> 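Supplied in structure tokens, the structure appears directly below.
Just the heavy atoms: all of them, side chains too, but no hydrogens, waters or symmetry mates, feed the values below. Quick note on labels: first sequence line is chain A, next is B, and so on, each numbered from 1. These numbers come from a predicted model, not from an experiment.
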Amino acid sequence: MTAGHGDATHPERLLQKQIEDIYRAHSRKVLATLIRLLGDFDRAEEALQDAFAEAARTWPSEGIPRNPFAWLVSAGRFRAIDHLRRQVRFAAAVPDIEDSLYREGDDLEIGDMALIEDDVLRLIFICCHPIIPADAQIAMSLREICGLTTEEIAHAFLTPAPTIAQRIVRAKNRIRAAGIPYEVPDKAELPDRLQHVLHVIYLVFNEGYSASSGAEIVRSDLTSEAIRLCRLLLTLLPDPEVSGLLALMLLQDARRAARRGASGEMILLADQDRSLWDGERIREGLAIVDGALGAGTLGCYGLQAAIAAEHVRAPRAHETDWRRIAGFYDLLLAARPSSIVELNRAVAVAMCEGPAAGLAVVDAILASGELHRYHLAHAARADFLRQLQRFADARLAYETALELCRQEPEKAFLRKRIAELGGQ
Amino acid sequence: MKYLCLVWCEEGQFEALSQEERDQIDRDSLSYDQQLAGSGHMIAAEALQAPANSVVVRVRHSEVSVTDGPFAEAKEHIGGFILIEARDLNDAIRVAAGIPLAKLGSIEVRPIYDFGGQA
């Protein structure tokens with residue numbers, strides 16, 4: 001945050017680095033607790049900055065406190081009260097606000113670890129509140145929970161920073177105007193709201209894993225943040241769907257390095273060099289899936305994780321157990337019917353029963369009018385036609401897919417397929 | 001990151017205030033400057049004299065020309081600035097929103113160009 005002191009003596013620089021480490025490790029938690037104590041995002045952010053400025057001033061002479069988190073929270077809260085007192089214009093309102101700041105007694109709640117962990121959970125639920133538009137939820141989550149800067153988020157989403165900044169400001173205004181309580185929803189509301197939070201995390205992951213536009217296939221900063229967020233959510237709220245989503249993201253992310261070639265081109269699952277897959281992530285993902293399979297607690301994310309698990313279990317592509325995968329897709333379709341799941345099921349069916357069966361399913365989906373603007377539906381159809389040696393039809397289908405596709409590496413892949421059909 | 005908060009004022013707006021109101025704004029502004037110094041945001045802050053006291057300098061064909069501000073008839077002018085160090089654009093916006101003159105004029109938040117040298 002602050003510019004480095006070029007001529008700083010070594011111990012000072014060391015301390016500054018320690019403060020920066022503490023900022024990285026604790027700033028989001030301090031912010032979450034300060035929002036609860038101060039009842040306002042902006043006031044909390046101001047208090048957070050004040051607390052770290054105070055730390056930079058006093059820690060060099062007094063040393064780093066034993067519990068930096070508690071120190072920062074009390075320093076931030078103290079400074080917030082101080083500011084309120086100085087704002088003489090609002091003199092009338094000060095006693096009320098001061099009362100609310102001291103409401104719960106002095107240092108009592110700072111020491112209550114359960115309440116503090118809930119603060120982060122509260123922050124997650126408030127950033128993903130349904131009252132906030134989806135794009136703003138993602139921006140808020142990345143900034144307030146993951147600690148990315150507005151500029152970093154803007155860069156990741158290829159959006160101008162002022163646009164992202166305005167989304168965040170508007171979202172905060174909305175939270176304030178609607179008086180959204182800073183709390184974890186109660187039991188009756190939790191499943192719906194949790195689904196929503198998981199959806200936002202998965203959107204962040206997908207934006208990183210398969211960026212909707214642009215030249216990069218993978219933005220690993222976003223996939224890592226989504227995984228980090230989901231891990232955090234899981235420690236705070238152990239739920240089969242949370243662990244299911246974590247496993248799904250781990251197993252997909254494990255294949256990251258193998259998904260593109262030397263010149264950035266896309267490599268399909270079947271053609272990937274499996275030795276490039278991340279064994280650590282696979283072990284962790286499979287352990288979660290196997291645990292859930294054993295306990296019979298597979299939700300929608302868990303089922304998708306189970307499908308991803310089948311892919312990574314196969315030592316070679318042709319050893320994939322497609323029948324088992326098709327079975328998981330059946331369960332997924334029953335749990336949450338969707339054309340995209342049907343399309344994926346069609347691919348699994350084709351792998352078991354041949355391209356004609358797959359083509360029949362895709363044609364039925366397209367005939368229903370759904371997915372006719374979705375490039376992957378046409379790409380899958382083209383693949384089946386190619387395997388059936390109906391090359392002219394395959395070419396038309398690839399061309400439709402190419403027209404609808406917005407992502408450069410995928411486009412390159414489709415062009416390559418069309419070129420391969422060239423002589424036929 | 002560094003941001004320049006430019007305080008835009010409408011002409012005559014400040015003059016239309018009572019002395020008491022102006023004194024209050026001065027006090028609030030000084031107090032906010034101190035607050036920003038305390039939070040580590042402040043790099044520099046200055047109030048500017050009226051545009052009537054400014055001149056515009058140009059060099060064309062190696063010749064220096066000095067004129068009265070062509071901006072003299074502009075309805076809005078820059079009344080002052082605060083250069084800050086902030087975590088990101090939203091942090092800078094929060095700081096700008098706290099500038100007492102934001103209630104009277106408007107604050108333009110301009111990110112400082114980073115040449116990629118020192119952080």
> With a cut-off of 6.0 Å (strictly less than), are more than 12 heavy atoms of other residues, nucleotides or ligands near CD of B:Q49?
no
> Within the 4.5 Å heavy-atom criterion, are B:R94 and A:Q49 side-chain neighbours or not?
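Result yes, sub-4.5 Å side-chain heavy-atom pair found.
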> Within the structure provided, determine whether A:Y23 and B:R87 are in side-chain contact (heavy-atom separation under 4.5 Å).
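Touching, per the 4.5 Å side-chain cut-off.
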> Distance from B:N90 atom CG to A:I153 atom CD1, nearest 0.5 Å?
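Between atom CG of B:N90 and atom CD1 of A:I153 there are 8.0 Å.
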> Applying a heavy-atom distance below 4.5 Å, give me the residues of residues 141-152 of chain A that approach chain B, sorted by number.
A:R143, A:G147, A:L148, A:T149, A:T150, A:E151
> Tell me, please, which residues at least two apart from B:R60 pass side chain to side chain donor-acceptor pair (under 3.5 Å).
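B:R60 satisfies side chain to side chain donor-acceptor pair (under 3.5 Å) with no residue once adjacent residues are dropped.
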> Closest heavy-atom contact between B:S39 and A:D50?
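Where B:S39 meets A:D50 most closely, the heavy atoms are CB-OD1, 2.8 Å.
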> Ignoring hydrogens and angles, tell me if any N or O in the side chain of A:R57 forms a donor-acceptor pair with the backbone of B:G38 under 3.5 Å.
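Side chain of A:R57 to backbone of B:G38: a pair is present.
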> For B:E46, which residues count as a side chain to side chain donor-acceptor pair (under 3.5 Å) partner, sequence neighbours excluded?
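Checked B:E46 against side chain to side chain donor-acceptor pair (under 3.5 Å); zero matches.
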> In chain order, what residues pass the ring-ring contact (aromatic ring centres under 6.0 Å, His included) check against B:W8, with sequence neighbours excluded?
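With neighbours one apart ignored, the set is empty.
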> Can you confirm whether more than 12 heavy atoms, excluding those of B:E63, are under 6.0 Å from its CD atom?
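Not buried by this count: 12 neighbours or fewer within 6.0 Å.
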> Tell me the closest heavy-atom pair linking A:A165 and B:I93, and the distance in Å.
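Scanning both residues completely, I find the closest heavy atoms to be CB-CD1, 3.6 Å.
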> Evaluate whether atom NE2 of A:H196 has more than 12 neighbouring non-hydrogen atoms of other residues, nucleotides or ligands under 6.0 angstrom away.
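More than 12 within 6.0 Å, yes.
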> Using a 6.0 Å cut-off, check whether atom CZ of B:R22 has over 12 heavy atoms from anything other than its own residue.
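More than 12 within 6.0 Å, yes.
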